[in-house]
Amino acid sequence: MSAHFPALIVVSPLMAAMVVAILAWVRPGACLPLAVVTLAGSLWAAAGMLWRVVVSGPFAYHLGNWPPPIGIAYQIDHLNALVLTAMAAVALVNLLATWRHARRDFAERVNYFYALYLLFCAGTYGIIVTGDAFNLFVLLEITSISGYALVGMGKRDAALASLNYIFMGTIGASFYLLGVGYLYLVTGTLNMADLAMILPRLYGNKVVTAAFIIAMTGLFMKMALFPLHGWLPNAYSESSSPVRSLIAPLTTKTMVYVMVRVALYVFPVDFSFGHLAFAQPAVWLAVTSIVAASLMALSQTSLKRMLAYVLIAEVGYMVGGFWLGNRMGMTGAILHIVNDAAMTLCAFLAVGSLRQQLADDSFKALRGAFRRMPWTMAVLVVAGLSMIGVPPTCGFFSKWYLIGGALAAGQWAFVGALIFSSLINAVLFFRIFEIGFFEPFAASDHGHPPDLAYAEAPATVIAPMLVTAAGLVVLGLLTGRIVTRIIDAAIPAAIL
Amino acid sequence: MTAAGYINLIIAKYNYWIYIVLMCVGLWGMIVKRNLVKKIIGMNILQTAIILFYVSIATKKGAALPILAHHIGAHRTDPATIINPLPHVLMLTAIVVSVATLGVALALTINIYKRYGTLEEDEIHDLMRNA
């Protein structure tokens, strides 16, 4: 069976989503166990594939035994096996941590939430494993459409936020599709490996250049790189907490992975970084993104919106690090895909728990939070330290590689932006820690002493959160092995 | 380039011009229009423009349908004389995608109308500011 893992990891959540949607009528109680088992199976398959790749190298899976380029091939290599394992782990842990919240937020619609959740995961896993440029578009839209529906299930202004997300997301996906169309026009193939073989003969072709730029613009839109980030803050802050902690770690990081895949393995490396003067503007775009998003994060008054802007800055880290074009920067960017997914999950799980228990996540509601919800706040502290970049959390190590790469490339603006953003993150998180730790004493003379009753979330919510927080440290400590065993092999030898 | 060259550029490649114009119409609708349903229509025009682009690159003048029936098509197996069926098939999927997107967008629009009683973006923003 392990030979079929690449197909099963996409097909089983897809099928399970259909089954869950039907079970919702027949046997509503079976939906959650089925979803958990499916996601656990996906994680097991992903880890199995990662192990196989590390032991015996990349392998391909031909759907229906059609050889590429006629059939669709799923290509498993070091890069996507790593990202896939991280995303599968995030999806599973998030469902375990938030099913209670989901039951409360969605009431009788909760089983449709599980179905959409599985559909979203199927699409995400598919984007990561596929070796076909058009197949990627289809899976991207499966993910996006279930993501729109998930965001739209939230309360209050969620429907409007989701509709704006649809507009931006559709433009992004359409641009990617158009770029693929241009490539098909000049090469006659959609298979990524085949494209990579044909494209070196077409360096001077204007259609290829246009295809690259159009597809990249579409991907930048999907990953919310400033100034194309407009959809993200509202979509993430209006959606309900189980949805937020699913799509925030998965969506943008998966799109960064697609950018890496397209720029390294579809277009030849010497085209992406040599023939096309794209790397330098992309680094500047990332610098602008980091600085602008960090400044906007400063002016937010609720935790989830603040984190949404921090997330946009993190996208800048990965884009900038990747387009530095040297081995160290690229290592940092790929490492940060994994680390940022874990950090974002950790932070948003803590926010979700705070919102469930305190019914609010504005900074005012956080007064005395350390006393009321010590475990949740401890998890938030770990996530915050990781986002600031304090060792031994994983955020430090990817930032180390990013800054090292920027120094080696002589991109001083990017070094400055990284340091600036780390300082801003320190200000942002320590402000929250201060409110949560000291405020009740300062605020008591205003006549409204804050409620200090113990209000910690139940153990079934806390346990997965603690696992995630521990995961941040473990990931940090394992950085050396991840880099030497996996990421080094994922970056083409042409990159020095 | 001479005037004839420019005219040739427009006439000979009219399918690309049509898709570019349609795409700009769609984008313009999504960005400029303040009514949410009009924005959704713009989105659909954008998606249709790309579908037309794909379909138009598959056609060849005087080529046969891509059906290999032995009694009629035995002499026409040269790919240059047959319309490329692949883009059409790809676009079947893209049409399904655009229908699904449209469905979700319209469902959300109904929810938005229920909540705010209007689909004009400016009025919704006024309501949100006053709330």
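Heavy atoms only: backbone and side chains are in, while hydrogens, waters and symmetry mates are out.
- Most heavy-atom pairs under 4.5 Å with chain B: of the set A:Val138, A:Asn164, A:Leu177, this distinction falls to A:Leu177.
- Heavy atoms closer than 4.5 Å to chain A are found in both the backbone and the side chain of B:Leu90.
- Counting heavy-atom pairs closer than 4.5 Å to chain A, the top residue among B:Val96, B:Val97, B:Asn111 is B:Val97.
- With a 4.5 angstrom heavy-atom cutoff, B:Ile40 touches chain A via backbone and side-chain atoms both.
- When heavy atoms are compared at a cutoff of 4.5 Å, B:Thr101 approaches chain A by way of both its backbone and its side chain.
- Atom CG of A:Asn65 is surrounded by 12 or fewer heavy atoms from other residues, nucleotides or ligands within 6.0 Å.
- Both the backbone and the side chain of A:Tyr182 come within contact range of chain B, with heavy atoms under 4.5 Å apart.
- Proximity of A:Tyr184 to B:Asn84: side-chain heavy atoms (C-beta onward) are separated by under 4.5 Å at one or more points.
- Heavy atoms of B:Leu36 lying under 4.5 Å from chain A belong to its backbone as well as its side chain.
- Of all heavy-atom pairs spanning B:Val104 and A:Ala149, the tightest one is CG1-N, 4.4 Å.
- Taken from CZ in B:Arg115 to NZ in A:Lys155, the straight-line distance is 11.5 Å, to the nearest 0.5 Å.
- Other residues, nucleotides and ligands place more than 12 heavy atoms under 6.0 Å from the CZ atom of B:Arg34.
- Inter-residue side-chain proximity for A:Phe175 and B:Ile50 is flagged as unmet; no heavy-atom pair is nearer than 4.5 Å.
- Of the atoms belonging to A:Leu190, it is side-chain heavy atoms, and not backbone ones, that fall under 4.5 Å from chain B.
- For the pair A:Phe134/B:Leu86, no side-chain contact is recorded, criterion being any heavy-atom separation below 4.5 Å from C-beta on.
- Looking at B:Tyr113, neither its backbone nor its side chain comes within 4.5 Å of chain A, counting heavy atoms on both sides.
- For the atom pair B:Gln47 CD and A:Leu178 CG, the distance stands at 12.5 Å (nearest 0.5 Å).
- There is no contact between A:Val151 and chain B, counting heavy-atom distances below 4.5 Å.
- Closest approach of B:Leu108 and A:Gly152 over heavy atoms only: CD2-CA, 3.7 Å.
- The environment of B:Lys60 atom NZ is dense: over 12 non-hydrogen atoms of other residues, nucleotides or ligands sit within 6.0 angstrom.
- Side-chain contact between A:Leu160 and B:Met128 is present, with at least one heavy-atom pair separated by less than 4.5 Å.
- Inter-residue side-chain proximity for B:Tyr54 and A:Val180 is flagged as met; some heavy-atom pair is nearer than 4.5 Å.
- When side chains are defined from C-beta on, B:Ile124 does not count as touching A:Asp157, because their heavy atoms never get closer than 4.5 Å.
- Minimum interatomic distance between A:Ala159 and B:Ile112 (heavy atoms only, all atoms of both residues): CB-CG1, 3.6 Å.
- To the nearest 0.5 Å, the span separating CG on A:Leu163 from CE on B:Met43 amounts to 7.5 Å.
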